[in-house]
Amino acid sequence: MNATVTTPPGKAIGPIFRRDLKLAFRRRSEILQPLIFLCVVVSLFPLGVSPAPERLATMAQGVIWIAALLATVLSLDTFFRDDWEDGSIEQWAVSGHSLALIAVARAAAHWLVAGLPIVLLSPLLATWMQLPGEGVPVLAATLALGTPVLALVGAIGSALTVGARRGGQLLSLLVFPLYVPVLIMATGATGAAVDGLPYNGQLGLMAAMLVAAVTLAPFAIAAALRLSLE
Amino acid sequence: MSRLKRLFHQFGSPPWFYRFSGKLVPWLWVAFALLAAWGLYRGLVVAPADYQQGESVRIMYIHVPSAWMSWMVYAVMAGFGICALVWRVRVAEILMISSAPVGAAFTLVTLVSGSLWGRPTWGTYWVWDARLTSELVLLFLYLGVIGLYNAFDEPRKAARAASLLAIVGLVNLPIIHYSVNWWNTLHQPASIGLDGSSIHPSMLWPLLIMAAATKFYYGACLLTRARNRLLEQDRGKRWAREALAEGGR
Amino acid sequence: MLQASRLTLERHFHPVFAPVDLVVGRGDLWVLTGANGSGKTTLLRLLAGLVTPSEGQLARSVAAAWVGHRLALKDDLDVLENLQLARDFAGRTDADPLDAARKAGLEMALDQPAGTLSAGQRKRCALARLLLSPAPLWLLDEPYANLDRDGVTLLDGLLADHVGAGGACVMSTHGDLKPAIDGYRELAILPAPPGDHW
Amino acid sequence: MNHAPFIWSAYAVAVIVYAWTALAPVWRARRFRAAWQAREKVMGRSRGPTGTSEN
């Protein structure tokens with residue numbers, strides 16, 4: 001099928017990005033849900049394990065990062081579902097714009113609404129988990145570099161399962177193996193910072209993962225979206 | 001249609017594939033049986049015990065070939081996935097999804113034999129060793145592909161979704177592997193090599209023979225499963241009805 | 001503008017409809033007729049490029065606008081915002097959402113969230129979006145559904161203007177509702193012949 | 001420490017898993033073929049490739 005279509009007059013990224021922000025702020029409570037979930041999960045650990053500061057400090061970055069992972073997957077479950085159900089994805093596909101650009105716009109808007117707050121919240125979580133002072137800025141840095149990767153890779157899973165019958169539980173199974181490298185590098189960097197070791201290697205790798213995700217993930221998302229229409 | 005696609009189409013045509021693989025499967029089983037018997041004989045009987053680990057090293061002859069296969073099958077599956085997604089070759093879709101359970105079986109055996117090997121060597125059944133951990137992640141990748149395939153009801157769409165996931169997984173495989181290795185060396189001094197490189201020939205030979213045996217096993221299992229799925233999907237078509245009616249293999 | 005030859009699609013390994021040949025030129029208005037489930041919607045989705053055909057060739061040289069059963073309206077945005085979004089995303093830059101809304105008879109519901117609109121109003125919103133689209137080829141899946149009497153006359157007017165101005169349209173209808181425009185051609189969608197390919 | 005139980009259980013698990021992965025499709029094929037031929041008989045179609053009649 002070759003639709004030698006002239007490039008459509010409108011733009012792909014701007015309108016979708018603004019639309020997403022407008023939609024997000026129309027349902028302001030939905031922005032808070034993943035963040036509240038994050039705080040709840042983190043605060044369970046002192047209750048579950050032990051309030052002793054030195055024990056909490058050893059696992060602080062791990063707990064915070066795993067909670068951030070869970071919060072991201074929670075918010076990604078319905079990432080494309082509304083657009084799929086109301087037919088927006090069909091309009092995107094017919095419009096002639098590249099679905100990859102639209103995916104980038106959507107992931108960027110989602111990160112702004114879901115990922116950035118996690119980064120801003122991380123100092124509070126770090127103090128809850130008694131993370132030593134040197135680790136806090138590095139934790140925020142790893143979250144800043146890592147949450148976009150979580151959003152983009154999670155969006156692939158979300159686009160793949162949007163057409164599936166019960167996509168919800170499947171999403172976490174699909175996405176967690178792909179999150180393993182991000183988790184390892186992030187907790188490694190923060191741990192190194194706490195121990196006073198150099199951590200720029202880990203941060204460099206996380207930046208590399210971010211670049212890879214930004215350049216490769218949108219094409220996988222676009223293919224998955226086109227597939228969900230069939 | 002481009003020449004390449006016509007070639008693919010001709011090779012990929014279900015009846016041709018069904019007959020061709022039907023003739024091939026028995027030979028694969030024979031080759032597997034011979035190699036496996038020879039390999040096990042060389043491994044369990046002829047090969048010496050390890051001076052450090054003693055007899056428990058013999059588990060290596062099932063653990064290591066299975067581990068190699070678990071990675072190879074994923075790569076081959078992703079390769080079928082690329083064919084299925086890019087050229088929409090239906091037989092490639094079937095081969096892709098038929099490989100997943102076999103790959104998962106290899107991964108499962110690797111994990112179980114690895115932990116059973118760990119007990120006498122390290123004293124506990126499960127050690128978060130680099131190789132075992134990345135095998136576990138690989139198992140989740142396989143289960144993800146199988147789970148995603150079963151989540152769709154239209155088989156062609158399910159196969160394309162699973163192919164896309166397999167390709168995304170393939171891209172991430174090396175990253176996962178090296179990050180787990182790096183994570184492992186960070187937290188634990190390098191444990192004694194499970195499959196040391198400078199291995200005595202008398203131990204290396206059975207390993208290679210078993211490796212070859214597992215490849216034939218994979219071929220036989222894959223083709224049997226693929227033929228089943230093909231027959232079930234095409235049961236409405238004349239060639240399938242003839243194959244089913246005559247009851248031949 | 002659009003050329004389809006021997007077009008078929010297989011669902012669960014059975015062709016949904018008999019192979020279709022269709023040529024759509026400027027000023028054409030095609031109406032797909034057939035019983036429910038005969039594949040009208042599937043064929044339209046094929047023409048829109050949402051689905052890839054199992055066999056046959058499809059060549060489309062112009063942009064297409066698609067109105068399906070799911071009208072792609074964001075329930076939290078009001079009518080005007082929905083139309084502005086459509087215009088910015090893939091609409092003509094000179095098109096004015098307000099004017100399109102007025103033509104579709106939605107003046108009094110402009111600031112009403114799309115979620116609270118009636119089915120007829122939602123369909124009119126989708127038709128207003130059509131006015132903003134630069135695509136000369138309209139692919140409409142049962143456009144008459146949910147429309148009241150003057151909604152139908154509104155749609156007939158839009159179709160007449162569009163086809164008159166050199167555009168083209170392929171639409172499906174079930175039942176006897178046909179566009180009140182002369183010169184439209186019908187294409188009956190036939191079920192696939194029983195039996196098999198090989 | 002006698003390693004034999006670990007070795008044999010490792011190989012036992014391997015044999016079980018590989019046997020099941022190999023034989024599951026064979027049983028499934030037999031079950032499908034039997035069910036298909038039974039349905040064909042009920043539908044009154046003639047058996048065997050010679051007497052193929054269009055359905």
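Nothing here was measured: the structure is a model prediction, and the numbers come from that model. Residue numbers start from 1 in every chain, and the chains themselves are labelled A, B, ... in the order their sequence lines are given, proteins ahead of strands.
- Between B/F106 and B/Y217, the two ring planes are perpendicular [angle over 60°; tilted spans 30° to 60°].
- Of the atoms belonging to A/L160, heavy atoms from both backbone and side chain fall under 4.5 Å from chain B.
- Between B/W126 and B/W128, the ring planes lie perpendicular to each other; the angle is over 60°, past the 30° to 60° tilted range.
- Contacts with chain A were tallied for B/N172, B/V137, B/L148, B/L141; B/L148 has the most, counting heavy-atom pairs under 4.5 Å.
- Interface residue A/I156: only side-chain heavy atoms are found under 4.5 Å from chain B.
- The closest side-chain donor-acceptor pair between B/S99 and B/Y218 falls under 3.5 angstrom.
- Only the backbone of A/S228 comes within contact range of chain B, with heavy atoms under 4.5 Å apart.
- Only the backbone of B/N150 has a heavy atom closer than 4.5 Å to any heavy atom of chain A.
- Between chain A and the residues B/A161, B/G144, B/A151, the largest count of heavy-atom pairs under 4.5 Å involves B/A151.
- Rounding to the nearest 0.5 Å gives a distance of 13.5 Å between NZ of B/K157 and CD of B/E93.
- Here the closest non-hydrogen pair linking B/E135 and B/T110 is CD-CG2, 3.7 Å.
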